[in-house]
Amino acid sequence: MATRNAFYAQSGGVTAVINASACGVIQTARKYPDQIGKVYAGRNGIIGALKEELIDTSLESDDDIQALIHTPGGAFGSCRHKLKNFSENKREYERLIEVFRAHDIGYFFYNGGGDSQDTAYKVSHLAEKMGYPITCMGIPKTVDNDLPFTDCCPGFGSVAKYIATSTLEASLDIRSMCETSTKVFILEVMGRHAGWIAASGGLAGKGEGEPPHVILFPEVPFERERFLERVDFCVKEYGYCVVVASEGAQYEDGRFLADAGAKDAFGHTQLGGVAPALANMVRQALGHKYHWAVADYLQRSARHIASATDVEQAYSVGRVAVEMAMAGKQALMPTIVREQSRPYRWHIGEAPLSEVANQEKKMPIHFITDDGYGITQDCRDYLEPLIYGESFPPFDDGLPRVAKLKNQLVEKKLKADFQL
């Protein structure tokens, strides 16, 4: 079998462990010198391929690649750029093939969420349509935990650990001051259509009256009066109320509480501001003193408190994606298969990209309590193993040590620049 190069790209919002998947890909590819020549990484995701901006990872030392395991963010840059259907944007597909052909790329590994798996699937079809042989593998990643066929998504376990920890710690702060100060605390977390991250806040408390007292899920229509009644009850009964709210909380008619009136690059409604919106309701209707916070990028970049389970799984899906390609497989995504919850045991399976693309996995209704404001024992049993274990990064002078890559671009072989 002739040696060909590989292309790896990161896509969409990054996570605390996406670079662990990159490490898995690169380290494993280096074990197959007879099949894979060099691994090129796209500078800023798939845009790097379109603009012929390819990073030569062979110039990075083994130690620097190993350091990716404890480095958050996207080491090679990411982007939000969705390839349309071939018929709608033929020029982008033709450009991809042109770049792949120029650099003898025979393997494509795309690390991202649902839209990214869709892109990987489209590129696999492109190979057939345009007569260019290339093996395509999707690598799962999303803090939203909404990819189908996989028990969980790499990136989610660490966000869940961060949100559960933050909810617990902030609750102790609020409880200690509620007699004369803040009565209501609202934490806004990510989650457009699926409430997995909000649910993880529920791990902070187990008994009646323990925070969070209210969790707002996208799956449960928001009712203003019922929400305010619950908040007021908790303040009077427990002295304070802690709310964990998904950014995707919405009314029964589908309107988001936090619709910012704009769209992102994937055509999704731009969200942000559910916490202040809820706080304003509390102020106007109840008059309770409040504070709110938005976890925002902190929740997905907190590598210092990453779940050991999540780190291991992120590395494994990167490794297995390469192994599947070396075995001659095509258009698949490695999945995490739960064997049992206590003790947690799992292995890597696979799912066809044709079935994964553009699908969303929402919270099962039996994971949400009957009142719509909490998590059930089934949900707790699902979530707890995903936040198990600590995987602390090394520290220098009190700060986490991170990988510092050269990220040197290969020389361009095509004359014409490409305009997005």
Side-chain angles (χ1 to χ4, degrees), residues 1-11 19 21-61 64-65 68 74-79 81-83 86 89-112 116 119-139 318 321-326 328-331 353 405-420:
M1 181 181 293
T3 300
R4 302 184 71 197
N5 298 318
F7 176 78
Y8 165 81
Q10 299 174 323
S11 176
N19 289 329
S21 294
C23 181
V25 168
I26 296 168
Q27 287 186 340
T28 307
R30 289 181 175 183
K31 295 178 181 179
Y32 293 90
D34 294 337
Q35 291 171 264
I36 299 178
K38 292 185 176 183
V39 176
Y40 297 132
R43 179 175 166 183
N44 301 322
I46 197 69
I47 289 177
L50 294 171
K51 297 174 70 173
E52 200 187 359
E53 294 179 346
L54 310 180
I55 296 168
D56 188 351
T57 68
S58 71
L59 301 177
E60 312 293 348
S61 70
D64 286 338
I65 295 301
L68 289 174
F76 307 108
S78 185
C79 70
H81 183 81
K82 184 174 182 178
L83 289 176
F86 182 82
N89 204 341
K90 183 179 178 182
R91 62 186 284 272
E92 285 194 343
Y93 287 97
E94 291 176 337
R95 173 65 173 184
L96 278 180
I97 291 301
E98 186 180 27
V99 172
F100 288 167
R101 194 185 303 276
H103 294 273
D104 193 24
I105 292 170
Y107 305 96
F108 176 45
F109 301 101
Y110 207 26
N111 199 174
S116 306
T119 295
Y121 178 58
K122 286 173 178 173
V123 173
S124 71
H125 264 281
L126 175 67
E128 299 175 15
K129 184 180 288 286
M130 302 188 69
Y132 182 81
I134 185 168
T135 298
C136 298
M137 293 291 169
I139 301 174
V322 175
E323 291 174 347
M324 290 194 302
M326 296 300 93
K329 296 183 178 182
Q330 169 70 303
L353 290 177
L405 304 182
K406 301 179 184 70
N407 279 355
Q408 185 170 322
L409 298 179
V410 303
E411 185 178 348
K412 291 187 177 183
K413 298 185 177 182
L414 302 175
K415 294 180 180 179
D417 289 332
F418 186 80
Q419 298 299 318
L420 296 173

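The model shown is predicted, which means the values in this text are computed figures rather than measured ones. Scope of the values below: all heavy atoms of this structure, side chains included, with no hydrogens, waters or symmetry mates.
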- prompt: Between S116 (side chain) and Y110 (backbone), is there a donor-acceptor pair under 3.5 Å?
  reply: no
field: Nearest heavy atoms of F7 and A49, plus distance in Å
entry: CZ-CB, 3.6 Å
task: Salt-bridge test for E98 and R95: reply yes if a basic N is under 4.0 Å from a carboxylate O, no otherwise.
output: yes
field: E52 vs F418, side-chain contact (heavy atoms from CB on, under 4.5 Å): CA-CA, chis, key distance, verdict
entry: CA-CA 8 Å; E52 200 187 359; F418 186 80; over 6 Å; no
Give the table of side-chain donor-acceptor pairs shorter than 3.5 Å for residues 407-416, with sequence neighbours excluded, one pair per line with atom names and distance.
residue, atom, partner, partner atom, Å
N407, ND2, A75, O, 3.0
K412, NZ, K51, O, 3.3
K413, NZ, A102, O, 3.4

message: If you apply the rule side-chain contact (heavy atoms from CB on, under 4.5 Å), what do you find for L405 with I55, and how did you get there?
response: CA-CA 10 Å; L405 304 182; I55 296 168; over 6 Å; no
message: For K406, I'd like to know if atom NZ has over 12 heavy atoms of other residues, nucleotides or ligands within 6.0 Å.
response: yes
message: Would you say that E60 contacts L68 through its side chain, given a criterion of any heavy-atom pair below 4.5 Å between the two side chains?
response: no
- prompt: Do V25 and N111 have side-chain heavy atoms sitting under 4.5 Å apart?
  reply: no
task: Please test F108 against I46 for side-chain contact (heavy atoms from CB on, under 4.5 Å), starting from the C-alpha separation and ending with a verdict.
output: CA-CA 10 Å; F108 176 45; I46 197 69; 3.8 Å; yes
message: Which heavy atom of C136 sits nearest to which heavy atom of L353, and what is that distance?
response: O-CD1, 4.4 Å
message: Once side chain to side chain contact (heavy atoms under 4.5 Å, CB included) is applied, do any residues pair with N5, and if so which ones, sequence neighbours excluded?
response: K38, Y40, D104, I105
message: One pair to check against side-chain contact (heavy atoms from CB on, under 4.5 Å): R91 and N89. What are the steps and the verdict?
response: CA-CA 5 Å; R91 62 186 284 272; N89 204 341; 3.2 Å; yes
message: Just verifying a value: how many Å separate D64 CG and T57 OG1, rounded to the nearest 0.5 Å?
response: 11.5 Å
query: Can you list the residues that meet the side chain to side chain contact (heavy atoms under 4.5 Å, CB included) rule with A321, with sequence neighbours excluded?
result: F109, M137, I139, P334
task: Looking only at non-hydrogen atoms, find the nearest pair between F76 and A22 and report the distance.
output: CE1-CB, 4.1 Å
- prompt: Any donor and acceptor pair, going by atom type alone, linking the side chain of S78 with main-chain N or O of N44 inside 3.5 Å?
  reply: no
message: For the CZ atom of R101 and the CE atom of M130, what is their distance to the nearest 0.5 Å?
response: 7.5 Å
- prompt: Which heavy atom of A331 sits nearest a heavy atom of S124, and at what distance?
  reply: CB-OG, 3.9 Å
query: Got N19 and Q10 here, is their nearest side-chain heavy-atom distance under 4.5 Å?
result: yes
task: Would you check if L83 and L96 make a side-chain contact, meaning some heavy-atom pair closer than 4.5 Å?
output: yes
- prompt: If every non-hydrogen atom of F100 is compared with every non-hydrogen atom of Y132, which pair is closest and at what distance?
  reply: O-OH, 3.0 Å
Minimum side-chain heavy-atom gap T28-M326 below 4.5 Å: no
Side-chain touch E92/K122, heavy atoms, less than 4.5 angstrom: no
task: Please report the shortest heavy-atom distance between P33 and T3, naming the atom on each side.
output: O-OG1, 3.6 Å
